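All values reported here derive from a predicted model rather than from experimental measurement.
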Amino acid sequence: MALSLTVNGDRVASTADPAAPLVDILREELHLTGAKPVCREGFCGACMVLIDGKPTPSCLTPAALADGCEIQTVEGLATPGQLNRIQAALDASDAVQCGMCFPGMVVSLTHLLTASPDATREDIRAALTGNICRCTGYERIIDATLLALATK
């Protein structure tokens with residue numbers, strides 16, 4: 001079964017096993033390494049991508065379920081050479097730690113900024129529920145998100 005995917009605006013075809021996790025196709029076939037297969041159980045958020053605009057753990061998504069869908073990875077969230085709002089705010093707030101979880105957080109927070117432009121601190125916490133960071137206490141990340149929301 002040939003899979004037809006739209007990844008970061010580009011139509012791509014894949015002959016990968018339809019049961020293969022989407023994260024493996026993104027990384028191994030398309031060389032998009034932002035999504036990271038850390039836990040492979042869907043609870044850490046490091047593999048988060050947007051599928052048809054919804055944050056989705058790509059480690060739990062069989063490639064066949066993404067067939068015909070619009071997939072956006074962290075690599076496709078910003079214009080080349082320019083950070084998007086949440087990326088710029090995270091950088092300005094010195095919120096980035098080791099980088100393992102950050103692609104997934106950027107995906108989740110980019111979705112939040114689009115879906116809830118008036119998000120509160122509690123909304124941000126809820127949006128990060130599926131993203132685990134082992135390096136930080138999340139406060140800088142939340143503060144950076146509030147900064148991004150303020151710079152509409």
State, to 0.1 Å, how close [X] and [Y] come at their nearest heavy-atom pair, and which atoms those are.
X	Y	answer
Gly9	Glu70	N-OE2, 3.6 Å
Pro55	Leu50	N-CD2, 3.6 Å
Leu146	Ala119	CD2-O, 4.4 Å
Pro103	Gly99	CD-O, 3.2 Å

If I take atom [atom1] from residue [X] and atom [atom2] from residue [Y], how far apart are they, to the nearest 0.5 angstrom?
X	Y	atom1	atom2	result
Cys47	Leu60	SG	CG	6.5 Å
Thr15	Leu3	OG1	CG	8.0 Å
Asn84	Leu77	CG	CG	6.0 Å
Asp24	Leu30	CG	CG	11.5 Å
Gln72	Thr6	CD	OG1	11.5 Å
Asn131	Phe43	CG	CZ	12.5 Å

Side chains of [X] and [Y], donor plus acceptor under 3.5 Å:
X	Y	answer
Ser93	Arg140	no
Glu122	Thr120	no
Ser4	Asp67	no

(request) Could you check Leu109, Val107, Thr114 and say which one makes a side-chain contact (heavy atoms from CB on, under 4.5 Å) with Ile86? (result) Leu109

Could you tell me whether the side chain of [X] and the main chain of [Y] form a donor-acceptor pair under 3.5 Å?
X	Y	answer
Glu75	Gly34	yes
Arg85	Ala148	yes
Arg121	Ile142	no
Thr145	Ile124	no
Thr79	Gln82	no
Thr56	Ser58	no

(request) Using a strict cut-off of less than 4.0 Å between a Lys/Arg side-chain nitrogen and an Asp/Glu carboxylate oxygen, indicate whether Arg125 and Glu139 qualify as a salt bridge. (result) yes

Joint hydrophobic cluster, [X] plus [Y], side-chain heavy atoms closer than 4.5 Å:
X	Y	result
Val49	Val74	no
Ile132	Val106	yes
Val38	Ile141	no
Phe102	Leu26	no
Met48	Leu113	yes

(message) So Leu22 and Ile51, do their side chains get closer than 4.5 Å, heavy atoms only?
(response) yes

(message) If you apply the rule side-chain contact (heavy atoms from CB on, under 4.5 Å), what do you find for Arg134 with Met100, and how did you get there?
(response) CA-CA 9 Å; Arg134 292 165 180 88; Met100 184 61 74; 5.8 Å; no

(request) Mind checking side-chain contact (heavy atoms from CB on, under 4.5 Å) for Cys133 and listing every partner two or more places apart, or none if nothing turns up? (result) Cys101, Met105, Cys135, Thr136, Tyr138

